[in-house]
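One structure below.
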Amino acid sequence: MTNSAGTVVDPGVDPVDPVTVLRMLREGVAAAEGAIIRFQALRDAQLAAAQHVAEELAARDAGGASPRGEAVEIATRSVAAELAGVLRMSDRVVQARMARAADLMTKFPETTRAFVEARINAAHVRVIQDAGTRLDETVRAEFEQIAVEACAGETPHRAKRIVERVAERLAPRSLTDRHREAQEARRVWREDLGDGQKALGVIHSAAVIDGIYDRLTQQARAVAVANTQAAKDAAGGVAPDPAGPGDPGDERTVDQLRADLCADTLLTGTASGHDTTAGLLSAIQARVEVTVPVLTLVTSDTAGAGRQKSPAGSGTSTSSGTATRSGTAFRVRTEQPGELAGGQPIDTDTARTLAGGSTAWERVLTHPVTGAILAVDHYRPNADLRRLLHARDSRCRFPTCGLPPRTQDIDHTIDAAHGGATEEGNLGGLCRRHHVLKHQTAWKVKQRGAGVLEWTSPTGATYTDQPPAPVTFTIEDPDPPPESDPDTPGF
């Protein structure tokens, strides 16, 4: 017996069984997704061809001479306008897509091949193309091979961390050099939204923005918890604490509280409209979690000589107007950037500044090749085990999820109530959504060693989740010396 998609159904299986239906739906969705990806690849190939047609039209109009840039631009606009009517979008958008598709087909052949074969999707392609654009031709093929392999079978969000790390290794300019240049563009702006609203935007270094957001979040949650407690007290007839931040009638969400606290702090210097008389909210400090390779901490930054601090205190300016390239060994940068929680790279200057201001460090030992977490210093039950898991599971360990460790519950793979041990080999970090999913649905998980988790869906499909490697790199000598031959004179 077959279904409408041509899939053979075991006659001994009840076709009305929900699990059987779900299995068929899973196969059908997978087939449909593959077909959609192939059509998207075909469309990109046609857009790339349209870009080449525009260049040919410009060359024809030039009478065999090399067309000028303006002539190519006009021809490209004309072709984009032709296609815009079919695609139901602005000709400017079509023109940009034509240029991007032509760049993909010309500079990223391995990515294009994987796209056509539906091994990766359009979002993966954007991740690879965005990260690889700044690379030289001499290393782009090596980058593509690693990037495509990292994207295959992984979500774009989770693969992006690996792809950007590989691109950073091979980039002609270090992240630190690029960050110093980008910091010159830091700014604050406002934008009209209508209905009496405006948006305030800030561009600054990643660590500063994360710190601002974290402090506002901590303050907002403190107010929300106090409001909840005040509402409970009011319902029980308990008089509210006049010195506390809680208000039983305050129903603002955390997002709304963040916005109001931000306005308070910027306008008055403190969260005066929400704080207690003791200043509990003002005492809350920002937390920024960062992983820094030890070589970055001990490597001097020769490019930083002669720099002065910017007025903002975190940007830098160069007195000479030039910067030296960070050192490399065997085409691998010896000075690696740090990473914020969640995987975003940060420049080495900021990483060292945060390291210098830290009162305590956790040293994490990783495997030199795989990057797997092997141990943390000063192991003590509970506290250090949690720190090890926090370092190993730097995102939720459910397939496709990328939420950072601060959102996680520590889950026993085998429940403690069923004899499961509280040890690294039986624990994993899961966000609340997937923690509940594991315990209240038919999803199952097994530990396969070295932090590898194998998930089994209700339909029997299996998904393997590898622990994300922290900031690590290896240096392999491309031309190792020959082994000693005892019969050769001179050895």
Side-chain angles (χ1 to χ4, degrees), residues 77 80-81 84-85 87-97 99-100 122-123 126-127 129-130 155-157 160 164 178-179 181-228 231 245-275 281-282 284-288 310-315 340-346 350 401-404 406-407 431 433:
R77 289 182 187 179
L87 295 174
R88 302 291 193 275
M89 58 180 64
S90 163
D91 61 293
R92 292 181 178 85
V93 173
V94 174
Q95 184 175 348
R97 289 194 174 188
R100 188 177 181 90
R126 285 193 296 272
V127 168
Q129 193 172 7
D130 289 345
T155 66
H157 175 75
K160 183 178 181 180
E164 290 184 342
R178 300 197 310 274
H179 173 74
E181 182 178 312
Q183 272 290 82
E184 297 299 320
R186 62 189 181 276
R187 64 189 180 98
V188 176
W189 74 96
R190 60 184 179 177
E191 178 183 350
D192 289 327
L193 299 178
D195 299 324
Q197 297 285 92
K198 285 191 176 183
L200 182 70
V202 182
I203 293 179
H204 215 296
S205 65
V208 170
I209 297 299
D210 275 9
I212 292 171
Y213 189 82
D214 178 80
R215 186 167 187 245
L216 290 172
T217 299
Q218 291 186 67
Q219 292 176 333
R221 287 176 177 164
V223 172
V225 169
N227 288 342
T228 301
D247 179 356
D250 189 348
E251 297 181 351
R252 287 175 295 175
T253 66
V254 171
D255 280 337
Q256 292 169 337
L257 285 167
R258 261 193 294 256
D260 294 342
L261 287 160
C262 181
D264 269 358
T265 304
L266 291 177
L267 290 172
T268 68
T270 61
S272 57
H274 300 77
D275 213 349
L281 293 183
S282 298
I284 293 176
Q285 297 183 343
R287 300 172 302 184
V288 177
S310 70
S314 59
L340 295 175
Q344 181 178 7
I346 61 172
T350 302
C401 187
L403 289 180
R406 192 173 299 168
T407 65
C431 70
R433 174 188 177 90

Residues forming a side-chain hydrogen bond (donor to acceptor under 3.5 Å, both in side chains) with Asp255, sequence neighbours excluded
Arg258
Rounded at 0.5 Å granularity, tell me how far OG1 in Thr228 sits from CD in Glu251.
10.5 Å
Set of side-chain hydrogen bond (donor to acceptor under 3.5 Å, both in side chains) partners for Asp247, sequence neighbours left out
none
Only counting residues at least two apart or in another chain, list the ones meeting side chain to side chain contact (heavy atoms under 4.5 Å, CB included) with Leu266.
Leu200, Cys262
Search all heavy atoms of Cys431 against all heavy atoms of Cys401 and return the closest pair with its distance.
SG-SG, 3.9 Å
Let me check something: any side-chain donor-acceptor pairs from residues 89-97 under 3.5 Å, sequence neighbours excluded? List them with distances.
| from | atom 1 | to | atom 2 | distance (Å) |
| --- | --- | --- | --- | --- |
| Ser90 | OG | Arg92 | N | 3.1 |
| Gln95 | NE2 | Glu73 | OE1 | 3.2 |
| Gln95 | NE2 | Glu73 | OE2 | 3.1 |

Ala206: which residues meet the side chain to side chain contact (heavy atoms under 4.5 Å, CB included) condition with it, sequence neighbours left out?
Leu340, Gln344, Ile346
Partner set under side chain to side chain contact (heavy atoms under 4.5 Å, CB included) for Ala182, not counting sequence neighbours:
none
For the student: nearest non-hydrogen atoms of Arg252 and Asp260, plus distance:
NH1-OD2, 2.7 Å
Rounded to the nearest 0.5 Å, how far apart are CG of Asp210 and CD1 of Ile212?
9.5 Å
Residues His204, Arg187; criterion side-chain contact (heavy atoms from CB on, under 4.5 Å); working and verdict
CA-CA 7 Å; His204 215 296; Arg187 64 189 180 98; over 6 Å; no
Ignoring hydrogens, what is the shortest heavy-atom contact between Ala220 and Leu261? Give both atom names and the distance.
N-CD1, 3.4 Å
To the nearest 0.5 Å, atom CG of Leu257 lies from atom CD of Gln219 at 10.5 Å
Asp192 meets the salt bridge (Lys or Arg N to Asp or Glu O under 4.0 Å) criterion, sequence neighbours left out, with Lys198
If you round to the nearest 0.5 Å, how far is CZ of Arg186 from CD of Glu184?
6.0 Å
Would a 4.5 Å heavy-atom cut-off, applied to side chains only, mark Arg100 and Asp130 as touching?
yes
Would you say the side-chain atoms of Asp195 pair up with the backbone N or O of Gln197, donor to acceptor, closer than 3.5 Å?
no
Minimum-distance pair of heavy atoms, taken over all atoms of Trp189 and Ile203:
CZ3-CG1, 3.4 Å
